[in-house]
Protein chains: 2
Amino acid sequence: MTASAARTEPRPAPRKRAGNGAARPNDADEIGLDALVGHAGYAVRRFQIWIFQDFIKTLGEVDIKPTQYSVLTVIGANPGLSQMAVAKRLGIERARLVHLLDSLEQRKLVKRVKSKADRRSHALHLTAPGETALAKFKRLAAEHERHVVEKIGKENRERLLQILAGFT
Amino acid sequence: MTASAARTEPRPAPRKRAGNGAARPNDADEIGLDALVGHAGYAVRRFQIWIFQDFIKTLGEVDIKPTQYSVLTVIGANPGLSQMAVAKRLGIERARLVHLLDSLEQRKLVKRVKSKADRRSHALHLTAPGETALAKFKRLAAEHERHVVEKIGKENRERLLQILAGFT
DNA sequence: CGGCAATTGTTGTCGTCAACAACAATCTTC
DNA sequence: GAAGATTGTTGTTGACGACAACAATTGCCG
């Protein structure tokens with residue numbers, strides 16, 4: 001079944017082997033990606049999966065996920081923001097932010113204060129334990145960032161941040 | 001968004017507390033991200049959202065999404081692969097691939113051929129219309145890639161691909 | 001001043017997606 | 001041949017984004 005009978009088709013030319021550089025050892029299998037390599041979106045997606053998994057693992061002991069961390073960071077840096085402002089800044093739906101804040105408020109990290117200027121909106125603040133907790137989260141996030149450096153190198157990480165600076 | 005949405009901030013000086021200690025609500029765009037800038041994961045996530053949206057929009061007329069495109073590309077470059085092999089190569093669950101292939105098979109782009117060597121598995125092939133369709137998808141994907149170049153620049157895109165080459 | 005549109009937070013639905021668990025059919029190994 | 005692993009499949013769960021609808025409140029405009 002190996003040599004002759006396996007292929008049901010005469011195999012229409014093994015596609016161009018994209019000879020950029022030299023013979024690179026294909027790690028896992030010998031399955032070619034063809035046009036997929038060279039697509040920025042594919043590379044970015046794979047990298048994003050890796051980096052999020054590492055973040056979640058590194059911040060696992062405090063049970064904080066990337067989105068929660070971003071919300072806490074923005075509130076910590078800009079106390080008194082409304083939910084609308086936070087949602088817009090982070091690019092998340094305000095409907096989604098409701099649940100995120102419900103969770104963070106239950107954990108006593110964030111409090112919603114009724115705004116006097118606009119009684120429709122809530123002013124968001126970190127609680128006292130929220131402040132100290134965020135400090136710890138930031139230490140763990142820095143550790144995660146160190147993992148990124150180990151993975152792609154210090155200069156590459158900085159170049160990456162520079163290239164993507166326009167999207168933050 | 002388009003080109004000039006970039007903040008014209010000349011240098012990356014670490015912004016401590018944006019001096020909005022007063023209770024005055026911020027003017028929308030002036031919300032500081034504090035520690036969030038400098039996190040690779042955040043930048044990558046935002047970029048990935050942008051790039052996927054552009055891909056979906058550019059390939060909208062043929063109704064092909066990034067994951068579908070990756071599946072078609074891998075099958076096209078490696079005819080006869082099993083579902084397990086495709087799933088492993090692309091890092092998607094084999095349970096998820098079932099639905100993806102159901103959809104692609106309904107659209108007559110892909111066919112599952114019962115393998116004679118291993119009757120548990122299916123050998124995946126593009127149909128004849130699937131081949132021509134994929135050619136068109138690749139042209140559209142190339143157009144999408146041109147949008148990426150317009151957004152971040154030619155050298156930056158290549159540097160990005162180089163940095164993230166290890167994740168493909 | 002009064003009414004009407006817009007905004008804010010909230011709830012709910014829908015569709016996508018990843019992560020599992022369970023299962024039948026089949027292969028592999030002993 | 002029996003036990004265990006693999007492959008495709010189905011189903012469930014939870015996170016997530018996109019929307020729509022709603023009450024309370026604010027802003028606007030005649």
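Below, each value reflects all heavy atoms present in this structure, side chains not excepted, and no hydrogens, waters or symmetry copies.
Side-chain atoms of A/Glu93 lie closest to D/dC19 of the nucleotides C/dG9, D/dC19, D/dG8.
Summarising the geometry, the separation between CD on A/Gln68 and P on D/dC16 is reported as 8 Å, rounded to the nearest angstrom. Protein atom CG of B/Asp102 is 13 Å distant from nucleotide atom P of D/dG8, rounded to whole Å. Protein atom NE2 of A/His99 is 11 Å distant from nucleotide atom C1' of C/dG9, rounded to whole Å. Straight-line distance from the CG atom of B/Leu100 to the C1' atom of D/dG8: 14 Å, rounded to whole Å. Atom CG in B/Leu101 sits roughly 15 Å away from atom P in D/dT7 (whole-Å rounding). Rounding to whole angstrom units, CD1 of residue B/Ile49 and P of D/dC16 are separated by 12 Å. For the pair A/Gln48 CD and D/dG17 C1', the interatomic distance rounds to 14 Å; values are reported in whole Å. Rounded to whole angstrom, the span from the NZ atom of A/Lys88 across to the C1' atom of D/dG17 amounts to 18 Å.
Close to C/dT10, at under 4.0 Å from its OP1 or OP2, lies a side-chain N or O of A/Arg112. Between A/Gln53 and C/dA19 there is a side-chain polar atom (N or O) within less than 4.0 angstrom of OP1 or OP2. Residue B/Gln83 has a polar side-chain atom (N or O) positioned under 4.0 Å from OP1 or OP2 of D/dT9. Between D/dT7 and B/Arg94, no contact under 4.0 Å exists linking OP1 or OP2 to a side-chain N or O.
The nearest heavy atom of DNA chain D to A/Asp118 and to A/Ile92 marks one nucleotide each, and the one closer to the 5' end goes with A/Ile92. Positionally, the nearest nucleotide of DNA chain D for A/Thr67 lies more toward the 5' end than for the other of A/Arg119 and A/Thr67. Each of A/Arg45 and A/Met84 was assigned the nucleotide of DNA chain C with the nearest heavy atom; the assignment lying further toward the 5' end belongs to A/Met84.
Of the options B/Phe52, B/Phe55, B/Phe137, B/Trp50, a ring-ring contact (aromatic ring centres under 6.0 Å, His included) to B/His144 is made by B/Phe55 and by none of the others.
Not a single donor-acceptor pair, N or O on each side, falls under 3.5 Å between the base of D/dG17 and the side chain of A/Arg96. No hydrogens or angles were tested; on distance alone, a donor-acceptor pair under 3.5 Å links the side chain of B/Arg120 to the base of D/dT6.
No salt bridge links B/Arg146 with B/Glu150; every basic N to acidic carboxylate O contact stays at or beyond 4.0 Å.
A donor-acceptor distance shorter than 3.5 angstrom exists from the side chain of A/Gln68 to the backbone of A/Lys65, with no hydrogens or angles considered.
The distance between the ring centers of B/Tyr69 and A/His39 falls below 6.0 angstrom.
Partners of B/Arg112 according to the salt bridge (charged side-chain N to carboxylate O under 4.0 Å, His left out) rule, which considers only residues two or more places apart in sequence or in another chain, are B/Asp102, B/Glu105.
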